[in-house]
Enquirer: 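Below are the structure tokens for one structure; questions will follow.
Letters A, B, ... mirror the listed sequences (proteins, then strands); counts begin at 1.
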Protein chains: 2
Amino acid sequence: MLKRSFEPACRPGMILTVNSSGSTKERILGAAEALFAQHGFDGASLRQLTTVAGVNLAAVNYHFGSKDKLVEQVFRRRLDALNQHRLAELAKVVGQPQTTLEDVLAAYIRPALELSHDGNGSLFMRVLARAFAEHDDTLRQFLSENYGHVMRQFTAEFARLLPQLSKPELYWRIDLVTGALTHAMSGFGMIQRKSDVSEHLHREQTAQHLIRFAVAGLSHP
Amino acid sequence: MLKRSFEPACRPGMILTVNSSGSTKERILGAAEALFAQHGFDGASLRQLTTVAGVNLAAVNYHFGSKDKLVEQVFRRRLDALNQHRLAELAKVVGQPQTTLEDVLAAYIRPALELSHDGNGSLFMRVLARAFAEHDDTLRQFLSENYGHVMRQFTAEFARLLPQLSKPELYWRIDLVTGALTHAMSGFGMIQRKSDVSEHLHREQTAQHLIRFAVAGLSHP
DNA sequence: GCACGCCATAAACGATCGTTTGACGGCTGC
DNA sequence: GCAGCCGTCAAACGATCGTTTATGGCGTGC
């Protein structure tokens, strides 16, 4: 059921395409993303990680200070870009005369979807799904402190577009939709790869499905 | 970000009410459920676990064979009952002349909700949410082998009630709904405790919300 | 009475963990 | 030329991991 073995995790067909490209810090971050997605934060050891990254064992503590700090940087690297992207998209649609729920949801979902379709980005979505499942208070606080304002801005927009819903009701629905999206995004790494034909069309279809699902989940009577 | 420290995990206000009740095996299963929910399968050590359970360190390997087997039993104990309950509820509604989507979803959701509202059962839902996020193939196979027939039965019923949806479309929506439910159930351990007044009413409201959300997510045009 | 299975216990096993250390080469600026 | 920082490296540190072993108490059946 559990696996922490070292050797089989490095079998030939593995991801370990991360090494031999970019600086040491970037290689570590890439390998960390892949191994955290596969084996979790506890399950992935620094020895696996540095082997996959093709760097020395001590490099992690030299460049990041500790394993925990490395975890934090793995989150920061992706979430900074993701939430910036989300805010930019949101700013675009709220400026328009007739903002719809679909527009706002697209601003929330599309950036995450693009990330999950971009090679290593899909691995990060799995890391994120793991993190949500952890229910760790430290992580919760980290997310709230650094990216809480984004969620608050979107929530305010949802509240404006769905005035018939009470606050608890709205929060609840947002929570459910968030769960569905996280679940879906973290799974795309596997589903999506089944047919790589017309990648762009597939991505557009996916976006439409997710947005429609979210609209239905948020606005049903 | 990560915590595997031993001492603070056993601070006074902790869950550790598990010990000193029931047989050794049951105490171990209870403590395992709680610690796996909090710290994950890798993060929870057998030494924490046996301390919380009030049993000897060797007891786990004596009664279960290994830590992995213990994990499996933690799943079996709850999932056997849960899926049996689900099938019983499903059998009730499909026997009726006019089966609705709400009925089938209620048969799927209510048993899980009851489990998540029952003390340690809510901890198990968190364990389950973790397991889903792991994306572990071994676990996937375990679930498919032992409980796949339940999901297949429900899926067939969904397909019968939603003939306008293509198979891929249906599977997708089920996946999204499953993600939302797992996310929600695993979170109830925290949300629900905020107001313990009229527990039964709250539970009924929750069930209604989840079912309506699922109906909307599955059957939107 | 006593041999035998069942279970709890303490102690130890080897392996692996995250982290630290000290030495070594390559580079820049004086 | 050489002092000084930077990044890399092998090696070791103590701690903790899952698992195994040896011992002994306790009850049951012959």
Enquirer: For His209(B) and Trp172(A), which heavy atoms make the closest approach, and how far apart are they?
Expert: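 Shortest heavy-atom contact: CB-CZ3, 2.9 Å.
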Enquirer: Tell me the interatomic distance from Leu35(A), atom CG, to dC17(C), atom P, rounded to whole angstroms.
Expert: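 Rounding to the nearest Å, CG of Leu35(A) and P of dC17(C) are 12 Å apart.
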Enquirer: Distance under 6.0 Å and angle within 45° of the ring axis: does Arg86(A) meet both against Tyr108(A)?
Expert: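 Yes, a cation-pi geometry.
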Enquirer: Just how far, in rounded Å, is C1' of dG18(C) from NE2 of His39(A)?
Expert: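 The distance from NE2 of His39(A) to C1' of dG18(C) comes to 18 Å, rounded to the nearest Å.
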Enquirer: Output yes when Glu89(B) and Lys92(B) qualify as a salt bridge under the 4.0 Å nitrogen-oxygen rule, no when they do not.
Expert: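 Here Glu89(B) pairs with Lys92(B) in a salt bridge, since their nearest N and O are under 4.0 Å apart.
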Enquirer: In whole angstroms, how far is the P atom of dT16(C) from the CZ atom of Arg47(A)?
Expert: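 Going from CZ in Arg47(A) over to P in dT16(C) covers 10 Å.
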Enquirer: Could you state the CG-C1' distance from Leu49(A) to dC17(C), rounded to the nearest angstrom?
Expert: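 So the two atoms are 13 Å apart, to the nearest Å.
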Enquirer: State which of dA10(C), dT19(C), dA10(D) makes the closest approach to the side chain of Asn56(A).
Expert: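 Among dA10(C), dT19(C), dA10(D), the one nearest the side chain of Asn56(A) is dA10(D).
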Enquirer: Figure out the CG/C1' separation between Asp42(A) and dC17(C), and round it to whole Å.
Expert: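 Rounded to whole Å, this separation is 11 Å.
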Enquirer: Can you measure Lys25(A) atom NZ to dC6(D) atom C1' for me and round it to whole angstrom units?
Expert: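 Value for this atom pair: 13 Å.
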Enquirer: Can you check the Glu26(A) CD to dG7(D) P distance for me, whole Å?
Expert: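 In whole Å, dG7(D) P lies 14 Å from Glu26(A) CD.
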Enquirer: Could you list by number each residue of residues 57-66 of chain A showing a heavy-atom separation from DNA chain D of less than 4.0 Å, or answer none if no residue does?
Expert: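 Hits under 4.0 Å, by residue number: Ala58(A), Tyr62(A), His63(A).
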Enquirer: So, OP1 or OP2 of dT16(C): does either fall under 4.0 Å of a side-chain N or O from Ser45(A)?
Expert: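 False: Ser45(A) side-chain N/O out of range (4.0 Å or more) of dT16(C) OP1/OP2.
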Enquirer: Just by modelled atom types, is the Gln38(B) backbone N or O under 3.5 Å from a matching donor or acceptor in the Arg130(B) side chain?
Expert: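 Present.
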Enquirer: Please confirm whether the shortest side-chain N or O distance from Thr24(B) to OP1 or OP2 of dA8(C) is below 4.0 Å.
Expert: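 Yes, because at least one side-chain N or O of Thr24(B) sits under 4.0 Å from OP1 or OP2 of dA8(C).
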Enquirer: Go through the side-chain N and O atoms of Glu157(A) and Gln153(A) and say whether any donor and acceptor fall under 3.5 Å apart.
Expert: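 Not at all, the side chains of Glu157(A) and Gln153(A) share no donor-acceptor pair under 3.5 Å.
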Enquirer: Rounding to an integer number of Å, can you tell me how far Leu46(A) CG sits from dA15(C) P?
Expert: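 Taking CG of Leu46(A) and P of dA15(C), I get 21 Å after rounding.
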